[in-house]
Amino acid sequence: MAQLLNSSFTPTTSSLRRQCHSLTPRKSTQIQAKIREIFMPALSSTMTEGKIVSWIKSEGDKLSKGESVVVVESDKADMDVETFYDGYLAAIMVEEGGVAVVGSAIALLAETEDEIAQAVSKAKDQGSVSPAAPSQDLPVESKVPDSAPVAKAAASVALTASTHPASEGGKRVVASPYAKKLAKELNVDLSVVVGSGPMGRIVAKDVEAAVVANAVAVAEPAKAVTPALGVGSGSVVPFTTMQGAVSRNMVESLGVPTFRVGYTITTDALDALYKKIKPKGVTMTALLAKATALALAKHPVVNSSCRDGKSFTYNSNINVAVAVATDGGLITPVLQNADKVDIYSLSRKWKELVDKARAKQLQPHEYSTGTFTLSNLGMFGVDRFDAILPPGTGAIMAVGASEPTVVATKDGRIGMKTQMQVNVTADHRVIYGADLAQFLQTLAKIIEDPKDLTL
Amino acid sequence: MNSAISLSLSSASPITVRSYDGAASSSSSSDLFFRNNSAPSQLRFCGLKREAFSGCKSSSNAVLLKQLRQNTKISASLSGNGTPSKGFDYDLVIIGAGVGGHGAALHAVEKGLKTAIIEGDVVGGTCVNRGCVPSKALLAVSGRMRELQNEHHMKSFGLQVAAAGYDRQGVADHAENLATKIRNNLTNSLKSLGVDILAGVGTVVGPQKVKYGKVGGSETVITAKDIIIATGSVPFVPKGVEVDGKTVITSDHALKLETVPEWIVIVGSGYIGLEFSDVYTALGSEVTFVEALDQLMPGFDPEIGKLAQRVLINPRKIDYHTGVFATKITPAKDGKPVTIELIDAKTKEPKDTLEVDAALIATGRAPFTQGLGLENVNVETQRGFIPVDERMRVIDSKGELVPHLYCIGDANGKMMLAHAASAQGISVVEQVSGKDHVLNHLSIPAACFTHPEISMVGLTEPQAREKAEKEGFEIGIAKTSFKANTKALAENEGEGIAKLIYRPDNGEILGVHIFGMHAADLIHEASNAIALGTRVQDIKYAVHAHPTLSEVIDELFKSAKVKNDVSCAVAEPIAV
């Protein structure tokens, strides 16, 4: 098979060629003629365009005549294309995976090292030769400008989560092979991506989420910034769709007779458990949801709701919705069958839901099927608050911060325990005070002796 | 049916003889068969080739073939084992009932030898129970998964497939069932031929004497005119690697497919590692290769390796570390992942630590030769391998041949492939039944059953270049692509090449390498050509059905350029 392709390297343009052959002073022509274009060769009579399979040499490599430089895929075969000149591969103009028409320039060859820079600038000028982008699974990426502040913003958010134990305090990035591949393809800096995989490693969906987060961050600034300015300048900003939905729900909730019952729960044992299983990817939210679900299983009435004002609707599943603040909104992703799913799967599910929520990709069944809602402001240091009952459900629990508290024990001693306050808002048409009290007692028992959570 | 075929063969041989003679006399290049003519008559190559050439020289070829057939017939009518030579319990005792031992036993019975086979574990050895056979079952699954998951591929056929999933246990069962089935087939074939299967560990106790029995149990000593050691190999586990069978595993464990880890490191990127990477990635795992050499797939022809990397590694969920040794591998425990410490293969500096879900040790295989009683016949193993000459005769510590003792297969380390072991076994049986025989290892094909497959026979390009330089000849390279093959395109499997390395001066085939759909099946045209000594200029006139993948090989032979287009093929067409 013909290995030598005479068409591959030819002097830049016909005018240059003419100059070379003419008697114009050497000095002026030499410089230009030494930078040669590498063309997409015609590897078969039927070939009109070729795909760059791989560059065997990289930019800056020295080439000697006859060496293979690039692998080109034609309609018939993949072939190594050789150089006919000595020199340096100065600039690659069509990246791997890109397609170029036969005869178009795919790279520049400089005759000496000094001319590499010149060739590079020339390559930039010829940027009109647009390499066909390789097919991408995430079209979002191409729209995301590579802006540093955005990446940093995403990073600061991202870094709050757990880091991989093997990452030596964030110095080393632990990412799965596919995650690395994706990151390279999508131009994601892995050092700012939070891993949600086993042991906190970065897996493919973390990279995808980072891309989406970047895209959202890029798309949102206008939205995010305007209201902030607007508040100061007295202008009116209409609700987004989500904010409109929240508003409607809140007004609707006024038609439901609610009441509140609070409880203080000691969390020392829960904290200890959390510390132990956190490396396995378990989150506090998942633990709380699981504990709540187990308590709900024993008090089905708290998991019921009043739909028509005439009857109890006992829900067959325990689906714990957890309120999540998003950019300019609030959404309640649902952990379905939280009483039955094990804590590890539940934690994974939760991460997946949060990622989707941030990416605004939650499907209706993933945020509208809750039978009981959790709202946790504890991470902001809020010690107690009350929540408004979302329409269609029977109860919502507001969870405050878990804080070291001085407590008196029954034997007259004073000790310190970590405690948190929870406050349940319920629909009194179906759930009565005693129901809530018993429910909270069960919940406290589960949280204070959390061995059942990991079953 | 069989007899009809052999009849036509025997009538064809005289024609072959004639044409060979004609070619030799008319040919200007008299060195065409130089090696075969000048070599001592006992130096022969693989069976078929020998017969072809003995046909060249003697007119008794047809008679010889007839005799062979008669022998077969007789032993077949006896339906089994012959009677042993005087003074011995058996004519032939084989230690190890793997594929090598099995192949030898079958051929021995055909030759009328009273044969016994000693097996301490299960019949079938590594290949059937822990190697090629169950791995093919897993690869069959991975191939289908790959296809079904490839939406683009399916769409291009106009097919619509809903998300493909798998049941791990179901996949594992398929592998297990296949191994069981093949094992039973093997056992039955031995039994039906009347080969005595002796259960227990076999030990050589002296010349022509073997004992066998369960460890700690009663032992029986038997005598045999000839003994073949065919004990095979076990996975090689380097120092510092702690195998727990759960998270740090060898191929033995991996074939049971007890888990499909999310992230698995495969140490070693040879056949075994590559095949498992195919299985694991198809089932959803991500894979990291750790390779001590600077390049992945070090055993393959570099060009094939490069392409294979482009197809089998780069687009998949695989990354790799090359030029590194895994010095310490600790299994996962107490909530900690599997840790793998890597050092630079050259500088020995620590390079990296990997923390993953599992590690598969695929660093090759070590001969299983302990407890064979080799000291009783004064044989010392070399790195565990039993030294043998080109006829598989065991060599003792003084460098002398041990009479009546042979070693075949992985235990001698010549070519660690099941079919090589079998071929070596047949070669030994030929010798002990009175016919000298030397196996041409360069004609033994090898295959790696990834998707697409890789196969090869003979020399790689660098090996051929080295040989060419040493012996002063030119080499030619021919390549064809699957992209130009109709059948491959119909299957939407245009990825792949076939490569031929040959001598342009005389048309000798030095090596053929194929990467592409069904490469493992396509290689045999080339390996048979090498075994038979067929030259490029002859085989290129052979006709291939259209449209078939075999045309890739047809094109390959046709595109080779032999300088003196001298042919010694069947010159006269046979009227039918």
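Residue numbers begin at 1 in each chain, while the letters A, B, ... track the order of the sequences.
The CD atom of B/Q309 sits 9.5 Å away from atom OG of A/S54, with the distance rounded to the nearest 0.5 Å. To the nearest 0.5 angstrom, B/I264 atom CD1 is 14.0 Å from A/S176 atom OG. If you take CD on A/E96 and CZ on B/R310, they are separated by 9.0 Å, rounding to the nearest 0.5 Å. The CD atom of B/E262 lies 6.5 Å from the CZ atom of A/R201; values are rounded to the nearest 0.5 Å. Distance check, rounded to the nearest 0.5 Å: CE of A/M199 to CG of B/D357 gives 9.0 Å.
Contact check for A/Y178 versus B/V287: no side-chain heavy atoms found under the 4.5 Å cut-off.
Put simply, the side chain of A/K181 gets close to the backbone of B/I318: a donor and an acceptor are under 3.5 Å apart.
Applying the 6.0 Å contact sphere to CD of A/Q336 captures more than 12 heavy atoms from other residues, nucleotides or ligands. Atom NZ of A/K62 sits in a crowded spot, with more than 12 heavy atoms from other residues, nucleotides or ligands closer than 6.0 Å. Remark: A/K276 NZ is loosely packed, at most 12 non-hydrogen atoms of other residues, nucleotides or ligands lying under 6.0 Å away.
Your options are B/L489, B/L307, B/N314, B/T339, and the one with the most heavy-atom pairs under 4.5 Å with chain A is B/N314.
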